[in-house]
Amino acid sequence: MVMVVVAVVAAAQGQEETTGFVTWGNNYYQTWGHQALVINKTSELQLTLDKNSGSGFESQLIYGSGYFNVRIKAPQTTSTGVITSFYLISRSSRHDELCFQILGKNGPPYLLNTNMYLYGEGGKDQRFRLWFDPTKDYHSYSFLWNPNQLVFYVDDTPIRVYSKNPDVYYPSVQTMFLMGSVQNGSIIDPKQMPYIAKFQASKIEGCKTEFMGIDKCTDPKFWWNRKQLSSKEKTLYLNARKTYLDYDYCSDRQRYPKVPQECGSYT
């Protein structure tokens with residue numbers, strides 16, 4: 001595993017809250033694969049996938065809640081095995097994870113897979129047909145994570161909402177890191193290599209804490225802990241689900257003969 005420092009510096013307000021426009025500096029570092037390339041005076045990070053390896057980065061900062069936005073331009077490829085990912089993930093044997101995966105494809109519609117791991121249990125895929133070409137320009141992919149609600153956003157449109165339910169596990173007990181990667185999910189075309197995924201400096205607003213310090217990040221003084229969907233966002237959410245949802249594990253009776261318990265927690 002290659003460990004080369006590359007990554008992100010965020011302006012801080014106080015000791016616990018991290019907020020502001022981030023640039024690729026000292027707070028993110030490469031965790032595996034090829035060394036990342038920083039260009040455009042720290043505003044863009046490039047990750048490479050070739051025949052030898054993919055690559056990825058991870059934040060040095062640890063978070064307990066927040067709003068996390070990264071702008072991504074996916075590689076141009078006809079290989080469905082090229083996966084560009086952005087995710088929040090905890091470090092434990094029963095980890096929590098929130099994940100965006102932009103899937104390679106030969107032309108539209110391009111697919112975006114979202115997944116969650118709740119206390120080590122994954123397979124909670126919801127896949128969407130993107131209404132744009134993710135390889136032509138940068139687009140925003142964001143997580144809102146607070147003690148009561150998880151929201152996945154694409155260009156300010158909420159596409160997936162998971163609410164806290166007292167009868168179901170909710171990811172509010174483990175701190176998480178911010179990560180990104182480009183990797184080979186299956187068969188890829190070697191003639192198109194290398195594949196370049198680009199991550200643009202973005203605005204990160206989160207509660208910075210220690211590994212076991214999530215309790216200090218539940219305070220409503222942080223705006224994201226008070227955040228609820230606006231009426232406009234609710235309309236955008238319902239339209240996105242109706243128009244662009246391609247697959248939902250909660251409706252897959254072949255894969256899950258019994259509806260997973262947490263499916264009642266989706267708004």
Side-chain angles (χ1 to χ4, degrees), residues 1-9 21-60 68-89 97-115 122 125 127-143 152 154-155 177-202 204 246:
M1 179 180 291
V2 180
M3 303 290 285
V4 180
V5 173
V6 291
V8 180
V9 172
F21 187 83
V22 295
T23 57
W24 302 103
N26 295 327
N27 289 336
Y28 285 74
Y29 62 96
Q30 183 174 344
T31 56
W32 54 273
H34 299 287
Q35 182 173 352
L37 176 64
V38 179
I39 64 174
N40 297 337
K41 297 182 179 179
T42 75
S43 67
E44 183 180 291
L45 179 74
Q46 294 188 358
L47 298 179
T48 301
L49 168 65
D50 63 17
K51 63 181 180 180
N52 296 314
S53 176
S55 54
F57 67 85
E58 175 185 309
S59 66
Q60 291 184 356
F68 308 92
N69 168 263
V70 168
R71 290 172 56 80
I72 302 172
K73 185 177 181 181
Q76 289 188 330
T77 174
T78 59
S79 297
T80 58
V82 178
I83 300 175
T84 305
S85 302
F86 167 49
Y87 44 109
L88 290 173
I89 187 170
E97 179 180 327
L98 314 176
C99 184
F100 285 109
Q101 296 175 312
I102 306 171
L103 308 180
K105 197 170 187 293
N106 185 16
Y110 291 89
L111 298 178
L112 175 72
N113 191 60
T114 65
N115 195 6
D125 301 275
R127 187 168 58 241
F128 297 83
R129 298 179 298 276
L130 287 173
W131 50 96
F132 53 81
D133 183 343
T135 72
K136 295 296 185 183
D137 202 353
Y138 284 96
H139 290 271
S140 294
Y141 304 86
S142 311
F143 299 113
F152 293 63
V154 177
D155 285 345
F177 298 79
L178 181 65
M179 303 181 73
S181 68
V182 59
Q183 57 188 311
N184 176 9
S186 59
I187 299 174
I188 59 177
D189 185 354
K191 295 179 182 179
Q192 297 182 350
M193 291 180 177
Y195 301 102
I196 307 295
K198 299 177 181 180
F199 292 76
Q200 196 172 66
S202 305
I204 302 296
D246 182 71

### Task
Flag the pair V182 / P75 as yes when at least one side-chain heavy-atom distance between them is below 4.5 Å, and no otherwise.
yes
#### Entry: Residues forming a ring-ring contact (aromatic ring centres under 6.0 Å, His included) with F152, sequence neighbours excluded
F100, F143
### Task
Could you tell me which residues satisfy side-chain hydrogen bond (donor to acceptor under 3.5 Å, both in side chains) with Y87, sequence neighbours excluded, listed by chain and number?
none
### Task
Determine the minimum heavy-atom distance between N69 and S142, stating which atoms define it.
ND2-OG, 2.7 Å
### Summary
One should read off an interatomic distance between H139 NE2 and L112 CG, to the nearest 0.5 angstrom, of 11.5 Å
## Note on the structure
Output for pair (L103 CG, T84 OG1), nearest 0.5 Å, gives 9.0 Å
### Summary
Sorted by chain and residue number, the ring-ring contact (aromatic ring centres under 6.0 Å, His included) partners of Y195 (sequence neighbours excluded) come out as none
### Task
Find the distance between CG (L88) and CD (E97) and round it off to the nearest 0.5 Å.
9.0 Å
### Message
According to salt bridge (Lys or Arg N to Asp or Glu O under 4.0 Å), who are the partners of D246, at least two apart in sequence or on a separate chain?
### Response
R127, R129
#### Entry: Y138: which of E44, K73, Q200 passes side chain to side chain donor-acceptor pair (under 3.5 Å)
E44
### Message
Using the side-chain hydrogen bond (donor to acceptor under 3.5 Å, both in side chains) criterion, which residues pair with N115? Sequence neighbours excluded.
### Response
none
### Under 3.5 Å: donor-acceptor pair, side chain of S59, backbone of L178
yes
### Message
If I take atom CG from residue L47 and atom CD1 from residue I196, how far apart are they, to the nearest 0.5 angstrom?
### Response
8.5 Å
### Task
Not counting sequence neighbours, which residues clear side-chain hydrogen bond (donor to acceptor under 3.5 Å, both in side chains) with D50? List them please.
H34
### Task
Keeping the roles fixed (side chain from S55, backbone from T48), state whether a donor-acceptor pair exists under 3.5 Å.
yes
### Query
In chain order, what residues pass the side-chain hydrogen bond (donor to acceptor under 3.5 Å, both in side chains) check against T135, with sequence neighbours excluded?
D133
## Note on the structure
Rounding to 0.5 Å, atoms CZ (R71) and CZ (F199) come to a distance of 13.0 Å
### Task
Any chance you could measure Q101, atom CD, to S181, atom OG, to the nearest 0.5 Å?
8.0 Å
